[in-house]
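First comes the structure, then the notes that go with it.
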Amino acid sequence: MELIMLGTGNAMVTRCYNTCFVLRSGDQHLLVDGGGGNTLLRRLQEAHIDWRDLRTILVTHKHIDHILGIAWMMRLICQNMNKGTYEGDAFIYGHDEVIALLKDMAEKLLQPKQIKMIGNRLHLITVHDGETRKIMDRDVTFFDIHSTKAKQFGFCMQLDEDEKLTCCGDEPYNELEQKYAENSTWLL
């Protein structure tokens, strides 16, 4: 498993881009968050990641610096699905507020023929606190980080028998996350 940082900082960064990263295992990729609008595409390019290889996206919360680039990804994915230049399906995971906002943004910003791909080949999937799903052939458990700013989910991914990666979202570690973070090899 490879961790590729696309940016770090806070909502107002201008030089090092907003917080987001990609987990890569072979030809599988998981994009976690994507603020900064279409600058996300440049950051992916600089990291030598073709956006067409992204099939799985996870959005932790609905702050602008974590979600705005996802609107661009949705546009590109749907547009290229229509053209026949994006193979397979794509999946975007997030809690209920994130998924509702992404659906609303799509309805207001995308063209009708692009919107038709949502639910057909671009799947917006609501996840719940404590829920485990298979992503990149690994168990991924989502959890509420108990943010005081906005509803936000982190996740832990079992990398193999001995290694686990846990992302506690956009805030410092909270003791309420202990059962997910304990025994993590990597804690973000």
Side-chain angles (χ1 to χ4, degrees), residues 6-7 11 18-23 28-41 43-44 51-82 86 88-157 165-171 174 176-177 180 188:
L6 298 178
N18 297 127
T19 304
C20 64
F21 60 92
V22 172
L23 293 171
Q28 295 183 324
H29 299 79
L30 169 62
L31 171 65
V32 179
D33 289 335
N38 65 0
T39 303
L40 173 61
L41 304 175
R43 297 298 298 179
L44 287 166
W51 67 266
R52 287 175 192 86
D53 292 334
L54 295 173
R55 299 277 176 268
T56 311
I57 299 170
L58 187 155
V59 183
T60 60
H61 62 294
K62 61 182 188 174
H63 285 166
I64 291 171
D65 61 318
H66 290 260
I67 202 167
L68 205 52
I70 304 306
W72 280 91
M73 289 299 301
M74 291 172 62
R75 175 185 176 199
L76 282 173
I77 290 169
C78 291
Q79 184 176 23
N80 283 275
M81 283 175 167
N82 280 321
Y86 185 93
D89 288 7
F91 303 85
I92 301 177
Y93 297 89
H95 61 69
D96 57 343
E97 293 177 11
V98 165
I99 297 303
L101 179 59
L102 289 173
K103 287 179 179 177
D104 189 48
M105 289 169 59
E107 288 175 18
K108 291 181 173 145
L109 299 174
L110 300 182
Q111 297 175 8
K113 63 184 175 182
Q114 295 166 346
I115 295 169
K116 287 181 183 177
M117 291 290 115
I118 297 173
N120 181 15
R121 289 185 52 208
L122 175 58
H123 308 280
L124 304 181
I125 300 170
T126 301
V127 295
H128 305 280
D129 185 30
E131 178 180 1
T132 299
R133 290 189 174 252
K134 278 281 192 214
I135 298 176
M136 295 176 59
D137 301 321
R138 292 171 172 83
D139 286 337
V140 176
T141 301
F142 300 91
F143 59 90
D144 188 333
I145 72 162
H146 303 281
S147 172
T148 58
K149 298 176 189 173
K151 184 175 181 179
Q152 184 175 166
F153 276 16
F155 68 94
C156 53
M157 175 185 273
L165 177 140
T166 300
C167 172
C168 292
D170 193 25
E171 295 183 13
N174 178 329
L176 296 171
E177 302 163 341
Y180 299 104
L188 305 174

Q.
List the residues meeting side chain to side chain contact (heavy atoms under 4.5 Å, CB included) with Thr166, not counting sequence neighbours, and say none if there are none.
A. Phe143, Cys156, Lys164, Cys168, Ala181, Ser184, Leu187

If every non-hydrogen atom of [X] is compared with every non-hydrogen atom of [Y], which pair is closest and at what distance?
X: Ile145; Y: Gly154; value: CG2-N, 3.5 Å
X: Thr126; Y: His128; value: CG2-CE1, 3.9 Å
X: Lys151; Y: His61; value: O-CB, 3.3 Å
X: Arg121; Y: Gly88; value: NH2-O, 2.7 Å

Q | Among Leu58, Asp53, Thr56, Ile70, side chain to side chain contact (heavy atoms under 4.5 Å, CB included) partner for Leu31 | A | Ile70

(Q) Can you tell me which residue among Val98, Ile57, Ile77 is in a side chain to side chain contact (heavy atoms under 4.5 Å, CB included) with Ile92? (A) Ile57

Donor-acceptor pairs under 3.5 Å, side chain of residues 108-118 to any protein atom, not counting sequence neighbours: which ones?
residue: Lys108; atom: NZ; partner: Asp104; partner atom: OD1; Å: 3.0
residue: Lys108; atom: NZ; partner: Asp104; partner atom: OD2; Å: 3.1
residue: Gln114; atom: OE1; partner: Gln111; partner atom: N; Å: 3.0

(Q) Applying side chain to side chain contact (heavy atoms under 4.5 Å, CB included) to Leu165 and Arg138, what does each step give before you reach the verdict? (A) CA-CA 11 Å; Leu165 177 140; Arg138 292 171 172 83; over 6 Å; no

Q: Verify, without hydrogens or angle tests, whether Gln152 (side chain) and Asp170 (backbone) share a donor-acceptor contact under 3.5 angstrom.
A: yes

Approximate separation, where rounding is to 0.5 Å, of [X] [atom1] and [Y] [atom2]:
X: Asp89; Y: Asn120; atom1: CG; atom2: CG; answer: 7.5 Å
X: Met73; Y: Leu54; atom1: CE; atom2: CG; answer: 4.5 Å
X: Phe153; Y: Tyr93; atom1: CZ; atom2: OH; answer: 14.5 Å
X: Phe21; Y: Leu6; atom1: CZ; atom2: CG; answer: 9.5 Å
X: Trp51; Y: Leu44; atom1: CH2; atom2: CG; answer: 10.5 Å

Q.
I'd like to know whether Tyr86 forms a side chain to side chain contact (heavy atoms under 4.5 Å, CB included) with Leu122, so could you lay out the CA-CA distance, the side-chain angles of the two residues, the decisive distance to 0.1 Å, and finally the verdict.
A. CA-CA 11 Å; Tyr86 185 93; Leu122 175 58; over 6 Å; no

Q.
Is any side-chain heavy atom of Arg133 closer than 4.5 Å to one of Ile125?
A. yes

Q: Check whether any side-chain heavy atom of Met74 lies under 4.5 Å from a side-chain heavy atom of Met105, and answer yes or no.
A: no

Q | Full working for side chain to side chain contact (heavy atoms under 4.5 Å, CB included) between Val127 and Phe155 | A | CA-CA 11 Å; Val127 295; Phe155 68 94; over 6 Å; no

Q. If you measure only the distance, is there a donor-acceptor pair under 3.5 Å linking the side chains of Thr60 and Asp33?
A. yes

Q.
Under the criterion salt bridge (Lys or Arg N to Asp or Glu O under 4.0 Å), I'd like the reasoning laid out for Lys62 against Glu97: C-alpha separation, chi angles, the key distance, then a yes or no.
A. CA-CA 7 Å; Lys62 61 182 188 174; Glu97 293 177 11; 3.7 Å; yes

**Q.** All ring-ring contact (aromatic ring centres under 6.0 Å, His included) counterparts of His123, not counting sequence neighbours
**A.** Phe91

Q) What's the verdict on side chain to side chain contact (heavy atoms under 4.5 Å, CB included) for Val59 and Leu101, showing C-alpha distance, side-chain angles and the deciding distance? A) CA-CA 11 Å; Val59 183; Leu101 179 59; over 6 Å; no

